[in-house]
Structures are given as structure tokens and as C-alpha cells.
Amino acid sequence: MPRIVVQTNVAESAVPPTFMQDLTSLIAEIMGKPESYVGVTLQAGSKMTFGGTEEPCAMCNVSNVGSSNASRNKTGSKKISDFMKKAIGVPADRMYIFFFDTDGHNVGWSGHTF
């Protein structure tokens with residue numbers, strides 16, 4: 001159940017058409033889960049500042065059921081940062097990436113919990 005929410009001040013028109021699928025594939029790779037389990041939300045064109053300026057920036061929230069750890073988060077941070085720079089031009093030092101490990105009983109899907 002990996003999920004990422006990306007909020008950015010980059011205009012939606014500047015987001016490549018493959019962004020969602022490419023990010024889905026990346027999160028599946030990082031978390032070691034099938035793409036069919038991954039949820040991606042993009043909130044482009046948000047009113048945001050980072051460090052007091054309106055240069056391109058982002059906030060990313062990554063959550064997963066039971067497979068986050070310090071090593072995976074460190075690797076994931078690098079991969080997500082690289083992706084964001086290449087895909088929409090947000091530098092690594094203009095975003096925060098928050099990782100959350102969620103207990104399965106706190107996540108519902110298909111009328112049940114994990």
C-alpha cells in the first residue's frame with residue numbers, strides 16, 4: 001500500500017504527461033511492492049514557498065504499510081529527489097520528503113483493512 005502525495009508550486013502545464021506513471025513505477029521499486037498497490041496524488045500549481053522564496057519547490061509525503069526503514073528511506077529520498085529534479089525541475093534542496101510507516105489495521109481497502 002505505498003502512497004505518495006506530491007504538492008508543488010510547479011504549474012500543471014509544466015508536468016510531463018508520464019509523470020504519474022513514472023512516479024508510480026519509482027515508488028513501487030523503492031518500496032518493493034507491485035505497481036498495482038501504489039497510489040499517487042499530484043497537487044501541482046500550489047501556492048507555496050520554501051526558504052522564503054517562490055522558486056520551484058515541493059513537499060512529498062510517502063506512506064507505506066510495514067516496510068519503511070532508515071536504509072530504504074535514505075535510498076528513496078535520493079531516488080525521489082533525482083526524479084523530481086529531472087521530471088519537473090525541483091532541486092533536492094527545495095523539497096522535503098516525509099516517510100510514514102503505517103500499521104495495516106489503520107489502512108482500509110476493498111472493504112477491509114490490511
Side-chain angles (χ1 to χ4, degrees):
M1 186 294 319
R3 175 178 178 264
I4 185 168
V5 177
V6 176
Q7 188 173 20
T8 182
N9 61 354
V10 172
E12 190 168 340
S13 61
V15 176
T18 61
F19 181 91
M20 300 294 282
Q21 182 56 53
D22 293 345
L23 188 53
T24 296
S25 298
L26 179 64
I27 296 302
E29 173 194 320
I30 291 167
M31 295 298 171
K33 302 277 177 86
E35 287 186 19
S36 61
Y37 290 12
V38 177
V40 175
T41 302
L42 173 63
Q43 300 168 336
S46 296
K47 297 284 288 175
M48 298 175 66
T49 62
F50 190 101
T53 75
E54 294 182 14
E55 295 300 313
C57 62
M59 298 289 170
C60 303
N61 292 321
V62 180
S63 58
N64 194 27
V65 173
S67 64
S68 292
N69 60 55
S71 176
R72 179 171 281 162
N73 293 352
K74 184 175 183 176
T75 300
S77 181
K78 172 74 169 126
K79 288 182 178 186
I80 293 168
S81 294
D82 290 348
F83 172 82
M84 293 289 287
K85 175 64 176 168
K86 181 178 177 186
I88 61 172
V90 175
D93 64 351
R94 300 268 315 147
M95 76 179 87
Y96 288 128
I97 304 167
F98 299 90
F99 293 91
F100 302 96
D101 196 19
T102 306
D103 292 329
H105 65 268
N106 289 324
V107 180
W109 175 75
S110 193
H112 303 281
T113 59
F114 288 92

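Keep in mind that this is a model prediction, so the values were computed, not measured.
- For the pair Lys86 and Asp82, the salt-bridge criterion is not met [side-chain N within less than 4.0 Å of a carboxylate O].
- Glu35 has its side chain within reach of Ser25: a pair of non-hydrogen atoms, C-beta onward, lies under 4.5 Å apart.
- The hydrophobic cluster of Tyr37 has no other members, since no ILVMFWY side-chain heavy atom comes under 4.5 Å of it.
- In this structure, the side chains of Ile30 and Arg72 come closer than 4.5 Å at one or more pairs of heavy atoms.
- Met59 and Ile4 are assigned to two separate hydrophobic clusters, defined by single-linkage of ILVMFWY side chains at heavy-atom distances under 4.5 Å.
- Counting non-hydrogen atoms of other residues, nucleotides and ligands closer than 6.0 Å to CD of Glu12 gives a total of 12 or fewer.
- Among pairs with a residue in residues 46-95, those fulfilling ring pair (Phe, Tyr, Trp, His ring centres under 6.0 Å) read Phe19-Phe83, Phe50-Tyr96, at least two apart in sequence or across chains.
- Judged by distance alone, the side chain of Thr8 and the main-chain N or O of Cys57 form a donor-acceptor pair under 3.5 Å.
- You'll find the side chain of Lys33 stays beyond 4.5 Å of the side chain of Met1, heavy atoms only.
- Taking all atoms of both residues into account, the shortest heavy-atom contact from Gly89 to Pro91 is O-CD, 3.3 Å.
- Within the 3.5 Å criterion, the main-chain N or O of Gly66 finds a donor-acceptor partner in the side chain of Asp101.
- Here the closest heavy-atom approach between residue Ala28 and residue Pro34 is recorded as CB-C, 4.1 Å.
- You'll find the side chain of Leu23 reaches within 4.5 Å of the side chain of Val6, heavy atoms only.
- Closest non-hydrogen pair, Gly51 versus Arg94, comes out as N-NH1, 4.4 Å.
- Considering only heavy atoms from C-beta on, Ile97 comes within 4.5 Å of Val62 through its side chain.
- A distance-only check finds a donor-acceptor pair linking the side chain of Ser81 to the backbone of Ser77 [under 3.5 Å].
- Scanning all heavy atoms of the two residues, the minimum distance from Ala44 to Ala11 falls at CB-C, 4.3 Å.
- With rounding to the nearest 0.5 angstrom, the CD atom of Gln7 is 12.5 Å from the NZ atom of Lys47.
- Val10 approaches Ala14 most closely through the heavy-atom pair CG1-CB, 3.8 Å.
- In the hydrophobic cluster analysis, where Ile, Leu, Val, Met, Phe, Trp and Tyr join through side-chain heavy atoms closer than 4.5 angstrom, Ile27 is grouped together with Met20.
- Side-chain atoms of Met48 and Glu54, non-hydrogen and from C-beta on, never get closer than 4.5 Å to each other.
- Taking each heavy atom of Leu26 and Lys79 in turn, the nearest pair found is CD2-O, 3.7 Å.
- In the hydrophobic cluster analysis, where Ile, Leu, Val, Met, Phe, Trp and Tyr join through side-chain heavy atoms closer than 4.5 angstrom, Val15 is grouped together with Val90.
- Residue Phe98 holds its CZ atom at 12.5 Å from CG of Asn73, rounded to the nearest 0.5 Å.
- Annotation: side chain of Gln43 is in contact with side chain of Val5 (closest heavy-atom distance under 4.5 Å).
- Put simply, Ile80 and Leu42 are part of the same group of oily side chains (I, L, V, M, F, W, Y) that touch within less than 4.5 Å, one to the next.
- Contact annotation: the side chain of Asp22 never approaches that of Thr24 to less than 4.5 Å [non-hydrogen atoms, C-beta and beyond].
- Considering NE2 of His105 and OG1 of Thr113, their distance stands at 8.5 Å, rounded to 0.5 Å.
- Note that the CG atom of Asn61 and the CZ atom of Phe99 stand 10.0 Å from one another [nearest 0.5 Å].
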